[in-house]
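Structure first, then comments.
Numbers here are sequence positions counted from 1.
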Amino acid sequence: APSTQQFIQILGDSAESLEVLSISGYVTALHNGVTNEPGVAIQSLEAHRRVALPRLTRLTVGYIDPAQAVQILSVLSLPALAQLGLVDVASSLEADWYTNDSSELFDFLVQSHSPLEASFPLERIKALDLQFIDLSADTFACFLTQCHNLEHLAIHDCSEGLTEGLDSL
């Protein structure tokens, strides 16, 4: 896996042409880092500049820990984002009893959508694909109310909170 600096550099170098990005597994590399101390690599990521990807329309993020996904997404600005896919890889691999609450990630996306931040213009998202996501009904409903132009929603093996969130709208 590339270092944090290499990852940021690759994205920056491709910023004007990158239209599709899929990140899976890199989050784990950030968590383990060189020192194998949780938080060390994440702290260094926060110090990096934000990378604007003005042509990126499709993003898929597979994550082990929602907090790590937030760290990755916090360096991205995606004004043209139209398709978003989120996969809780840890939940897909663990036993049936395992849950990995993704509220922090969805709260971050809603917060990043605010007029002051505008890193993730949720109102532009037309397609949303969620896999193995565990989330409360209230958090999901709040997130969905920001997705004004949503045309396609795919929910695969997610918690009941997502269907309850849909029912509450």
query: Any donor and acceptor pair, going by atom type alone, linking the side chain of Ser112 with main-chain N or O of Leu109 inside 3.5 Å?
result: no

query: Is a donor on one side and an acceptor on the other found under 3.5 Å between the side chain of Ser102 and the backbone of Leu105?
result: no

message: Treating Asp157 as the side-chain partner and Gln131 as the backbone partner, does any N or O pair qualify as donor plus acceptor under 3.5 Å?
response: no

field: More than 12 heavy atoms from other groups under 6.0 Å of CD on Glu160
entry: no

message: Would you compute the distance between atom CG of Leu153 and atom CG of Leu144 and round it to the nearest 0.5 angstrom?
response: 6.5 Å

- prompt: Judged by atom type as modelled, is there a donor-acceptor pair below 3.5 Å linking the side chain of Arg55 to the main-chain atoms of Glu19?
  reply: no

- request: For the pair Arg50 (side chain) and Ser74 (backbone), establish whether a donor and an acceptor sit closer than 3.5 Å, ignoring hydrogens and angles.
  value: yes

message: I'd like to know if the side chain of Asn100 reaches the main chain of Pro66, judged simply by a donor and an acceptor atom lying under 3.5 Å from each other, with no hydrogens or angles considered.
response: no

Trace of the side-chain contact (heavy atoms from CB on, under 4.5 Å) decision for Asp129 with His156: CA-CA 8 Å; Asp129 184 6; His156 308 279; 3.0 Å; yes

Pair Asp101-Ser103, side-chain hydrogen bond (donor to acceptor under 3.5 Å, both in side chains): steps then yes or no: CA-CA 6 Å; Asp101 183 11; Ser103 295; 2.8 Å; yes

task: Tell me, with the steps shown, if Leu53 and Leu76 meet side-chain contact (heavy atoms from CB on, under 4.5 Å).
output: CA-CA 7 Å; Leu53 302 173; Leu76 302 178; 4.1 Å; yes

- prompt: Would a distance-only check, ignoring hydrogens and angles, find a side-chain to backbone donor-acceptor pair under 3.5 Å from Thr57 to Ala82?
  reply: no

task: Begin with the C-alpha distance, continue with both residues' side-chain angles, and end with the deciding distance and a verdict on side-chain contact (heavy atoms from CB on, under 4.5 Å) for Ile133 and Phe140.
output: CA-CA 10 Å; Ile133 304 294; Phe140 189 53; over 6 Å; no

query: Is Val20 reachable from Leu86 through a run of hydrophobic residues whose side-chain heavy atoms are each under 4.5 Å from the next?
result: no

